[in-house]
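Both ligands and their constituent atoms are indexed starting at 1 by order of listing.
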Amino acid sequence: MREAIGIFDSGVGGLTVLKALRKRLPEQDYLYLGDTARLPYGSKSETTIRRYALNAAEHLFRNDIRLLVVACNTASAFALPALTEISPVPVIGVIEPGVRAALAGGARKVAVIGTEGTIRSGAYQKALHRAAPEVSVTAAPCPLFVPLAEEGWGDHPITDQIAEIYLRPLLDTGLEAIILGCTHYPLLRPSLARVAGPGVSLIDSATAVTDAVVQRFRGPSAGRGGVGQVAIHLTDASDRFRRIARAILGSDPEHLEVVDL
Ligand code: DGL
């Protein structure tokens with residue numbers, strides 16, 4: 001499939017981005033790569049995350065994509081400059097759009113949650129500080145959230161309890177917004193919203209990056225009408241992936257292929 005929008009994540013999380021993009025730009029073709037054999041990225045070292053991200057992007061370049069969406073915060077945090085340097089096409093990561101979305105809502109006390117890698121990189125904290133030095137920023141890694149999202153427990157008492165433990169210290173500082181700095185986390189929105197309460201906005205990477213793609217990407221086929229195709233490439237196709245993909249996308253993924261990077 002040539003000229004598709006290429007999207008990659010370590011696993012199912014980036015499907016939240018694919019879903020949001022398809023809704024806004026249904027006429028485009030999409031090639032989604034989930035590096036499911038090497039998931040999780042979030043607990044790995046910087047060097048490994050960068051290597052995996054480059055391998056994933058190179059696979060998409062070989063398939064002649066027209067735009068690269070890095071639908072993984074961990075890969076965006078550690079590898080965006082390296083990806084941009086080697087990419088023959090424009091690259092959009094999730095961090096800057098997430099920061100813009102948080103600040104656009106006027107929040108002055110913002111927390112970022114993400115994988116251990118994303119939080120350790122300081123990428124969100126630095127981007128927020130650069131964009132709005134007056135905004136107070138706290139951050140916390142939430143390593144149990146990815147397995148809970150992959151388990152499909154986005155609306156579950158166990159997730160509420162774990163979220164309470166991770167988020168309570170942040171919430172007690174009088175937060176106005178939490179950036180869900182991991183593309184898996186929107187899958188936990190029901191539990192997270194319950195714990196955060198109505199006064200705290202949850203900023204979703206998927207929506208934020210979709211806005212950035214829609215604004216910045218005006219390909220020749222934009223607005224051509226019709227419905228584009230979606231191909232999913234995985235480095236490991238488990239039943240678990242299919243089950244969660246079905247829950248996120250609302251139907252079985254067509255064109256699913258197992259690939260070796
Ligand atoms: N979805 C990835 C992210 O946005 C994290 C999942 C993982 O740890 O592999 O950071």
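Around atom CG of Asp260, no more than 12 heavy atoms belonging to other residues, nucleotides or ligands sit under 6.0 Å away. Residue-environment remark: CG (Asp172) exceeds the threshold of 12 foreign heavy atoms within 6.0 Å.
Residue pairs meeting the ring-ring contact (aromatic ring centres under 6.0 Å, His included) criterion with at least one partner in residues 225-261, sequence neighbours excluded, are His59-His233. The stretch residues 184-203 participates, sequence neighbours left out, in these salt bridge (charged side-chain N to carboxylate O under 4.0 Å, His left out) pairs: Asp155-Arg194, Asp160-Arg194.
Between Arg130 and Glu96 there is a salt bridge, since at least one side-chain N of the basic residue sits less than 4.0 Å from a carboxylate O of the acidic one.
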Report each N/O pair between ligand 1 and the protein that falls under 3.5 Å, naming both atoms.
{"from": "ligand 1", "atom 1": "1 (N)", "to": "Asp9", "atom 2": "OD1", "distance (Å)": "3.0"}
{"from": "ligand 1", "atom 1": "1 (N)", "to": "Asp9", "atom 2": "OD2", "distance (Å)": "3.4"}
{"from": "ligand 1", "atom 1": "1 (N)", "to": "Thr183", "atom 2": "OG1", "distance (Å)": "3.0"}
{"from": "ligand 1", "atom 1": "1 (N)", "to": "His184", "atom 2": "ND1", "distance (Å)": "2.8"}
{"from": "ligand 1", "atom 1": "4 (O)", "to": "Asn73", "atom 2": "N", "distance (Å)": "2.8"}
{"from": "ligand 1", "atom 1": "4 (O)", "to": "Asn73", "atom 2": "ND2", "distance (Å)": "3.1"}
{"from": "ligand 1", "atom 1": "4 (O)", "to": "Thr183", "atom 2": "N", "distance (Å)": "2.8"}
{"from": "ligand 1", "atom 1": "4 (O)", "to": "Thr183", "atom 2": "OG1", "distance (Å)": "3.2"}
{"from": "ligand 1", "atom 1": "8 (O)", "to": "Tyr41", "atom 2": "N", "distance (Å)": "3.4"}
{"from": "ligand 1", "atom 1": "8 (O)", "to": "Gly42", "atom 2": "N", "distance (Å)": "2.8"}
{"from": "ligand 1", "atom 1": "9 (O)", "to": "Ser10", "atom 2": "OG", "distance (Å)": "2.5"}
{"from": "ligand 1", "atom 1": "9 (O)", "to": "Tyr41", "atom 2": "N", "distance (Å)": "2.6"}
{"from": "ligand 1", "atom 1": "10 (O)", "to": "Asn73", "atom 2": "N", "distance (Å)": "3.3"}
{"from": "ligand 1", "atom 1": "10 (O)", "to": "Thr74", "atom 2": "N", "distance (Å)": "3.0"}
{"from": "ligand 1", "atom 1": "10 (O)", "to": "Thr74", "atom 2": "OG1", "distance (Å)": "2.7"}

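Contacts of Arg24 classified as side-chain hydrogen bond (donor to acceptor under 3.5 Å, both in side chains), with partners at least two apart in sequence or in another chain: Asp211.
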